[in-house]
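Written below as structure tokens is the structure these notes are about.
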Amino acid sequence: MTAVTQPPPLPKPVTSLSRDEARRMALRAQGLLGAPDRRAGVRGVLRHLGAVQLDTISVLARSHELVPYARLGAVGRPAVEAAYWTTAPSDAPAARPHSFEYWSHAACILPIEEWPHFAFRRRARRAKGHRWHVMEDSERSCAAVLDRLKADGPLTTSELGGGRNGGEWWDWSETKIAVEWLLDTGEVVCTRRRAWKRVYDLAERTVPDALLHDDLDDTTCMRRLVAQAGAAMGVATRADLADYHRLKAEQVDAVVADSGLVPVEVEGWGKPAWADPAALAAPPRGRHRTTLLSPFDSLIWDRPRTERIFGFTHRLEAYVPRPRRIHGYFAMPLLAGGQLRGRVDPAREGTTLVARQVSMQDSKAVAPMAQALREAATWVGCDSVRVERCDDQKLAHALRAELTRTSDQ
């Protein structure tokens, strides 16, 4: 019989935290409590969070734009894109990239400094030999892609020859399978996008020499990613730590004791937790951000953690058939006063931001919801807000009145 590996015994908690303390620690760790670091800007947000999720859905804006907006306010959208993806002039040497795209919590933008710490995932991809698709002739197809990139420089999939065979979106061409495989295994990298299309380049030409290696063993990689996840969450269970970069529970168990995180207990969590010592060193203080959150924001992307910390159940309904949706296609939670107090499914019609469906916890959420809608409208170039539906007619009337009042100021 195969022996079952038992997790190491849990150390004694160094302190106990109340629910409120844990919630505030999580908010500060995510950059949503206290003064925003405007000097560090979008790149600072990325470095601090460690990963910003990408998604194709664009309602107010794409999710990777909404994440820094939620923390910094109405930073210009072109500035957000420039902060992630630096494009050098055609006649200049390639600029040192600030980020790269890879598989973390999902498809994410990651700080370029983290390239070595994903060596474990690149090795695992190589060992498996394929991911979603199997190439007809992997050696020939990969060589052809690498030769094109060597000869012609950075290229999109369409410039390489096309992404699909003409069928459904997952019916990838041999070239698309090859370039994505090379991305998975680290020979090719994406450090910028053009009109939302990935621009692929040779890793050896793009990743700084000091970072371009897979020398770190799996344990070192895991230790770094667990520590980074702990710092980005403030306080977290083992499941939380694993979910942040989509590690396995046993991978977390193997390194958490040496990650620098310390064991704590949290009121009502019912599971052991780990905290960032820096988060414990000083009580979280400062002003709470009032904002709408992308459903893919790292504060709330782990649904069980969101329910545990905020008592708020949320899921993306974009892929739920319309008749079965409860809160709407891209319902964005309202963060106000350090709590999740409602949600809105937004859309744009010309220069009007349309709140297609709104729900609010109570009357205390009305003013914050109006503020968040007004700010979001201004950010995306809208000059008015219209509320279509609300699950409470009294609150709907109060919200419309508050929007009218604030528009006159």
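We're numbering straight along the sequence, starting at 1. The basis for the numbers below is simple: all heavy atoms, side chains too, and nothing from hydrogens, waters or symmetry mates.
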Can you tell me how far the CE atom of Met222 sits from the NZ atom of Lys248, to the nearest 0.5 Å? 8.5 Å
Does any part of the side chain of Thr219, heavy atoms only, come nearer than 4.5 Å to the side chain of Asp258, both counted from C-beta? no
In plain terms, say whether Arg140 and Asp137 are close enough for a salt bridge, that is, a side-chain N and a carboxylate O under 4.0 Å apart. yes
Leu340 vs His314, test: side chain to side chain contact (heavy atoms under 4.5 Å, CB included). Steps then yes/no. CA-CA 10 Å; Leu340 298 178; His314 185 69; over 6 Å; no
Does Arg348 reach the main-chain N or O of Leu60 with its side chain, forming a donor-acceptor pair under 3.5 Å? yes
Within the distance-only criterion (no hydrogens, no angle test), does the side chain of Arg341 pair as donor or acceptor with the backbone N or O of Leu334 below 3.5 angstrom? no
I'd like to know if Glu349 pairs up with Arg386 as an ion pair, taking the criterion as any Lys NZ or Arg NE/NH1/NH2 lying under 4.0 Å from an Asp or Glu carboxylate oxygen. yes
Arg343 and Asp391 ion-paired at < 4.0 Å: no
Could you check whether atom CZ of Arg126 has more than 12 heavy atoms from other residues, nucleotides or ligands sitting under 6.0 Å from it? yes
Spacing of CD belonging to Glu265 relative to NZ belonging to Lys271, to within rounding of 0.5 Å: 16.0 Å
Please determine whether side chain to side chain donor-acceptor pair (under 3.5 Å) holds for the pair Ser298 and Gln30, giving the CA-CA distance in whole Å, both sets of side-chain angles, and the decisive distance to 0.1 Å. CA-CA 8 Å; Ser298 52; Gln30 281 284 300; 2.6 Å; yes
Note: Glu65 and Arg77 closest approach over all heavy atoms is OE2-NE, 3.1 Å
Salt-bridge present (Arg238, Asp253; N to O < 4.0 Å): yes
With Glu81 as reference, evaluate Arg192, His64, Arg193 under the side-chain hydrogen bond (donor to acceptor under 3.5 Å, both in side chains) test and give the passing residue. His64
Is the backbone of Gly342 close enough, under 3.5 Å, to the side chain of Gln361 for a donor and an acceptor to pair up by distance? no
Nearest non-hydrogen partners of Ile112 and Pro208, listed with the distance: CG1-CD, 4.0 Å
Can you check whether Val188 reaches Leu146 side chain to side chain, under 4.5 Å on heavy atoms? yes
For Trp269, is the NZ or CZ atom of Arg308 found under 6.0 angstrom from the centre of its six-membered ring and inside 45 degrees of the ring axis? yes
Work out which heavy atom in Arg303 is nearest to a heavy atom in Pro295; give both atom names and the distance. NH1-O, 3.2 Å
Can you check side chain to side chain donor-acceptor pair (under 3.5 Å) on Trp274 and Asp240, steps first, answer last? CA-CA 10 Å; Trp274 299 82; Asp240 297 341; over 6 Å; no
Hey, is the main chain of Tyr329 close enough, under 3.5 Å, to the side chain of Asp345 for a donor-acceptor pair? yes
Kindly compute the distance separating OG (Ser141) from NZ (Lys176), expressed to the nearest 0.5 Å. 14.5 Å
Test log, rule side chain to side chain donor-acceptor pair (under 3.5 Å), inputs Ser63 and Asp55: CA-CA 6 Å; Ser63 187; Asp55 195 80; over 6 Å; no
Between CG of Leu280 and CG of Leu261, what distance do you get to the nearest 0.5 Å? 10.0 Å
Looking at Ile57 and Phe330, what are the two nearest heavy atoms and their distance? CG2-CD1, 3.6 Å
Main-chain N/O of Ala106 paired with Arg246 side-chain donor or acceptor, under 3.5 Å: no
Between Thr406 and Leu403, is there a donor-acceptor pair closer than 3.5 Å when you use the side chain of the first and the backbone of the second? yes
Heavy atoms, side chains only, cut-off 4.5 Å: are Pro333 and Phe312 in contact? yes
Taking the side chain as every heavy atom from C-beta outward, state whether Leu335 and Leu27 have any atom pair closer than 4.5 Å. yes
For Trp115 and Tyr102, take the angle between the two ring planes, folded into 0 to 90°, and tell me which bin it lands in: parallel under 30, tilted 30 to 60, perpendicular over 60. tilted
Heavy-atom pair with the smallest gap, counting every atom of His117 and Leu216: CD2-CD1, 3.6 Å
Without swapping roles, check the side chain of Gln357 against the backbone of Pro346 for a donor-acceptor pair under 3.5 Å. no
Could you check if a side-chain atom of Val67 sits within less than 4.5 angstrom of a side-chain atom of Val42, using non-hydrogen atoms only? no
Side chains of Tyr200 and Glu180 only: does a donor on one sit below 3.5 Å from an acceptor on the other? yes
Should the pair Arg289-Glu375 be classified as a salt bridge under the 4.0 Å nitrogen-to-oxygen rule? yes
State whether the number of non-hydrogen atoms from other residues, nucleotides or ligands found under 6.0 Å of Asp209 atom CG is greater than 12. no
CA sep, side-chain torsions, deciding dist, call: Thr175, Ser173, side chain to side chain donor-acceptor pair (under 3.5 Å): CA-CA 5 Å; Thr175 297; Ser173 68; 4.7 Å; no
Please check this pair: side chain of His48 against backbone of Ala29, looking for a donor-acceptor N/O pair closer than 3.5 Å. yes
Do Thr15 and Val262 have side chains that get closer than 4.5 Å, going by heavy atoms? no
By the salt bridge (charged side-chain N to carboxylate O under 4.0 Å, His left out) test, which pairs, at least two apart or in different chains, include something from residues 143-156? Arg148-Asp152
Output, in order, the C-alpha distance, side-chain angles, deciding distance and verdict of side chain to side chain contact (heavy atoms under 4.5 Å, CB included) for Glu101 and Trp85. CA-CA 10 Å; Glu101 289 188 32; Trp85 296 305; 3.7 Å; yes
Is there a donor-acceptor pair under 3.5 Å between the side chain of Glu114 and the backbone N or O of Gly50? no
Measure the spacing between CG of Leu183 and CG of Asp201 and express it to the nearest 0.5 Å. 11.5 Å
About how many Å separate OG of Ser99 and CZ of Arg47, when rounded to the nearest 0.5 Å? 11.0 Å
Applying side chain to side chain contact (heavy atoms under 4.5 Å, CB included) to Leu66 and Asp297, what does each step give before you reach the verdict? CA-CA 8 Å; Leu66 292 167; Asp297 193 293; over 6 Å; no
When you check the gap from the basic side-chain N to the acidic O, do Asp184 and Lys128 get nearer than 4.0 Å? no
Axial cation check for Trp196 ring with Arg62, 6.0 Å and 45° limits: yes
Check whether any side-chain N or O of Thr352 sits under 3.5 Å from a backbone N or O of Val354 as a donor-acceptor pair, and report yes or no. no
Should the pair Asp214-Arg122 be classified as a salt bridge under the 4.0 Å nitrogen-to-oxygen rule? yes
Could you check if a side-chain atom of Leu182 sits within less than 4.5 angstrom of a side-chain atom of Leu149, using non-hydrogen atoms only? no
Find out whether Met25 and Pro284 are in side-chain contact, i.e. whether some heavy atom of one side chain is under 4.5 Å from a heavy atom of the other. yes
Which pair of non-hydrogen atoms, one from Cys190 and one from Arg198, has the smallest distance, and what is that distance? SG-CG, 3.6 Å
Show your reasoning for whether side chain to side chain contact (heavy atoms under 4.5 Å, CB included) applies to Lys197 and Glu159. CA-CA 11 Å; Lys197 294 180 180 179; Glu159 291 166 341; over 6 Å; no
